[in-house]
Amino acid sequence: MKYDFASIEPKWQARWEQAKVYAAQNGSDRPKFYGLVEFPYPSGQGLHVGHPRPYTAMDIVTRKKRMDGYNVLFPIGFDAFGLPTENYAIQNHVHPAQVTRDNIRNFTRQLKMLGFGFDWDRVVDTTDPKYYKWTQWIFLQLYKHGLAYKATMPVNWCTSCKCVLANEEVVEGVCERCGSPVIRKEKSQWMLKITQYAQRLLDDLEELDFIERVKVQQRNWIGRSTGAEVTFRATTGEDIVVFTTRPDTLFGATYMVLSPEHALVRRWLEGGLIANAGAVEDYQRQAAAKSDLERTELSKEKTGVRLEGVGGINPVNGKEIPIFLSDYVLATYGTGAIMAVPAHDERDWEFAKKFGCEIVEVVSGGEDVQKAAFTAKDETGVLVNSGFLNGLNVRQAIPAVTAWLEEQGLGKAKVNYKLRDWVFSRQRYWGEPIPMVHCQQCGWQPLGEEQLPLLLPDVESYEPTDDGESPLSKMTDWVNTTCPCCGGAARRETDTMPQWAGSSWYFLRYMDPHNDQALASREALEYWSPVDWYNGGMEHTTLHLLYSRFWHKFLYDIGVAPTKEPYQKRTSHGMILGEGGEKMSKSRGNVVNPNDIVARYGADTLRLYIMFIGDFEQAAVWSDNAVKGCKRFLDKVWNLAEACSDSLEQMQANAAALHRCIKKVADDIEAMKFNTAIAAMMSLVGELQKNGCSKGDLKALLVLLSPFAPHIAEELWEALGFHAQLGFACQQGWPEYDERKTAASEITLAVQVGGKLRGSVSVAADADNETIVAAALADEKVRRFTDGMELVKSIVVPGRLVNLIVKPR
RNA sequence: GCCGGUGUGUUGAAAUUGGUAGACGAGGUGGAUUCAAAAUCCAUUGCCAGCGAUGGCGUGCGGGUUCGAGUCCCGCCACCGGCACCA
């Protein structure tokens, strides 16, 4: 019989599904293992070959865990709210809900076709009102705990999506989704106070088993820096608070800079205190018109304008210094104002050179500060021209001056973060409605929890509007409501939640997906939390991964989630690139469709190839040819089964190779080195072909192979009569690894002379060093290099080699 | 600029963490089978010299440590990714 994957695979998929072999058990007393992959966005294009890489990897890991006796939760769902669906709906005049249903159906079919061991009874769909009821519920809790607030501020606005974006969604000044330019727009938005969790998001990273690059990227994004706030006095009487990481350089502050949006500037302009008001207002306008992109591109050349008529007083020496306005100072970081120390900060130095400000050295130890700023922040710098700080090094001076500022009531130690609050409103239709109502009398009021879910109404047009209003705002019947507080007329919030809302807690819902009393039961949460192993894309590191850690910490604080952190372990896969090494895209025409590969070679071959393609963490280039190699391997396994002897005993000749392979595959799965695990199985099959193969040998091989290629393993397992029931998952344990079986009686050692390979010798495995050296010296090839020489030293590396050091006699 | 990663045959990549570089796969070449092709099987395949046994060279570049370096140390180069006027 030929290996007929086309009939084998659907057969087993149907049987597995019917018998629910991959269902996780709630209320079990077995140890649990929760393996998670990022749920897909069900796009219209269907699955592409990028999806199966992380899915197959976790499928292998969880199948192995099942064999090790764990009660495994390996769920899947759909992150289905979002712009592409909405845009497709607009173009084709179909309801987004209909588009979503169709796409989910297609995705489900494709995922099942690949034989993943998902628990299909636990599928979640973020657009299902039974699900987003709880997304809205979490929002209400955030609001009640003061972590959701509405604020008017300059926000990122995507000119093409016609929608605001979170900081995390702006990449190099353009929209991460569509690549259109992002401009600043003043808008009233719902915000989530993720900044309140900045320190904990940073600290708790320490104890997590996340790959290092994820930790580093999150740390950078949170961007903690320590320093001090210092209060300067304006000549007009107001306090100007600045943030600095170098309070030690306070004596060198020769001017100040405010961001163009700073509130004091507006006040001074209104009070007519600025002599050059026209020039200042011009500058403010110019700065506001710049997009993020321009602002960073123009970073080479500093711009600014001096405020004439107003100055600042340096509190440490009472000197009056000029104040400038410049957009190199950001309104959204620190206090939006800085003290400028051109001698010891490159940006200040550059600005000072252009605007002719004084440069005063206060830290010695560098080159001439008139030529370049000296920025070392360690003991190499010693304070000068700094009154009571003179003679201290920088490390000593920072606490000294901070203490002095605190004594004088002029400042205090301060920590700042780059992380900003999360802009949470979107002016689009296909998202969760925000359950808030605005009343003229009572202000913003939360909807009662009993009124959830607040359903997304049907609208005639989903088109986004140029005025920045959500399509929902046109639905007057829906918008007009009554105030939950006073009962008077009120209006609903018409913006919706961002794409990231539903995915911020979905892993909790999987634990108890049909619960209508709570987002999940306490028992389920306690049993399954935390996620033991979460694999996902690096592109989510400062988006979904950070947001969901934040939500989870909040849920922990209010007693819903039982653990501080949602995920114990995080790994990440590399991208699959098209042939030619470029990113797969429709326009390049290099997209590989998993459907085609399954049709031609079968799901098992696709799974195997995608794991064999290279290092799991590294990007890999697709090769149609190399897929064949994996198909050939499965053909060989199939033929082995037809040719194997009836003995259930494992053959002596294969014992060592087999047991080495058992260990190698188990270790490699744990380390995500799937490529070398497969290589080891390929080598083993070569051995079995050469030495002959018994049923016992094949039985062990099939167990090792089953997480990778479950269909063929199951088929052969049954064909050989190893069990009547189905499902490796349920009953088959991982084979015992017996180290003694890998030991050979005779071993071959490499022989080096002076570090160069010259030959090899076979000796008994337990031979002592003298015997080994004697055998090596007796070898004919070796003697050519040692005859007439004196043996100075010999090094024996057990089981590997012997190195003979010789010199002329 | 800062942070992280990578650099090995024709090619995707391995290398027990300092111990025989190139496992395993693809591709190539030669052969078997076939009317022929596909599929399959066998042999061979880092580079240079040699008919050959064999010898020399070889992990981005230059140094170093070591009996021994792809692996460790110092100094560079190239490419990829993230952050970026964050005071």
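All values reported here derive from a predicted model rather than from experimental measurement. Proteins get letters first, then strands, A, B, ... in listed order; numbering begins at 1 in each.
When each of B/A15, B/C83, B/C24 is scored by its nearest atom to the side-chain atoms of A/Lys418, the top-ranked nucleotide is B/C83. Considering only the side chain of A/Leu330, B/A87 comes nearest among B/A14, B/A87, B/U20. Which of B/C57, B/G27, B/U20 sits closest to the side chain of A/Lys756 comes down to B/C57. Closest contact between the side chain of A/Phe612 and the listed nucleotides B/C24, B/A26, B/G55 involves B/C24. Of the listed nucleotides (B/C57, B/A14, B/G25), B/A14 has the atom at the smallest distance from the side chain of A/Thr676.
A/Lys636 places its NZ atom 9 Å from the P atom of B/U40, with the value rounded to the nearest Å.
Map A/Ser760 and A/Trp221 each onto its nearest nucleotide of RNA chain B; the residue landing nearer the 5' end is A/Ser760. Annotation: of the two residues near RNA chain B, A/Thr245 and A/Cys630, the 5′-most nearest-nucleotide partner is A/Cys630.
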Are there any protein N/O atoms within less than 3.5 Å of an N/O atom in nucleotides 43-53 of chain B, and if so, which ones and at what distance?
none

Is there any protein nitrogen or oxygen under 3.5 Å from a nitrogen or oxygen in nucleotides 64-67 of chain B, and what are the pairs?
{"from": "B/C67", "atom 1": "O2", "to": "A/Asn803", "atom 2": "ND2", "distance (Å)": "2.5"}

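Across all strands shown, B/U29 pairs with B/A43; the Watson-Crick or G-U wobble distances both stay below 3.5 Å. Of all nucleotides present, none satisfies the Watson-Crick or G-U wobble test against B/A13 with each distance under 3.5 Å.
A cation-pi contact, defined as under 6.0 Å to the ring centre and within 45° of the axis, is absent between A/Lys302 and A/Phe351.
Contact annotation for A/Asn416: no contact, since no heavy-atom pair falls under 4.0 Å across all strands. Residue contacts shown for A/Arg420 include a base, since a base heavy atom lies under 4.0 Å away. No engagement by A/Ser623 is indicated, since no non-hydrogen atom pair under 4.0 Å with the nucleic acid exists.
A perpendicular orientation is assigned to the rings of A/His544 and A/His540, their planes being inclined by more than 60° (bins at 30° and 60°).
Residues A/Lys628 and A/Tyr601 are in side-chain contact: their nearest non-hydrogen atoms beyond the backbone lie under 4.5 Å apart.
Annotated as syn: B/U17, whose O4'-C1'-N torsion sits within 90° of 0. B/G55 has its base anti relative to the sugar, with a glycosidic angle deviating from 0 by more than 90°.
Across the C1' atoms, B/C61 and B/C67 are found 26 Å apart, a figure rounded to whole Å.
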Worksheet item: In the 5'-to-3' direction, what one-character label does each nucleotide of nucleotides 1-11 of chain B receive under the scheme B = base within less than 4.0 Å of a protein heavy atom, S = sugar-phosphate only, - = no such atom?
Response: --SSS------
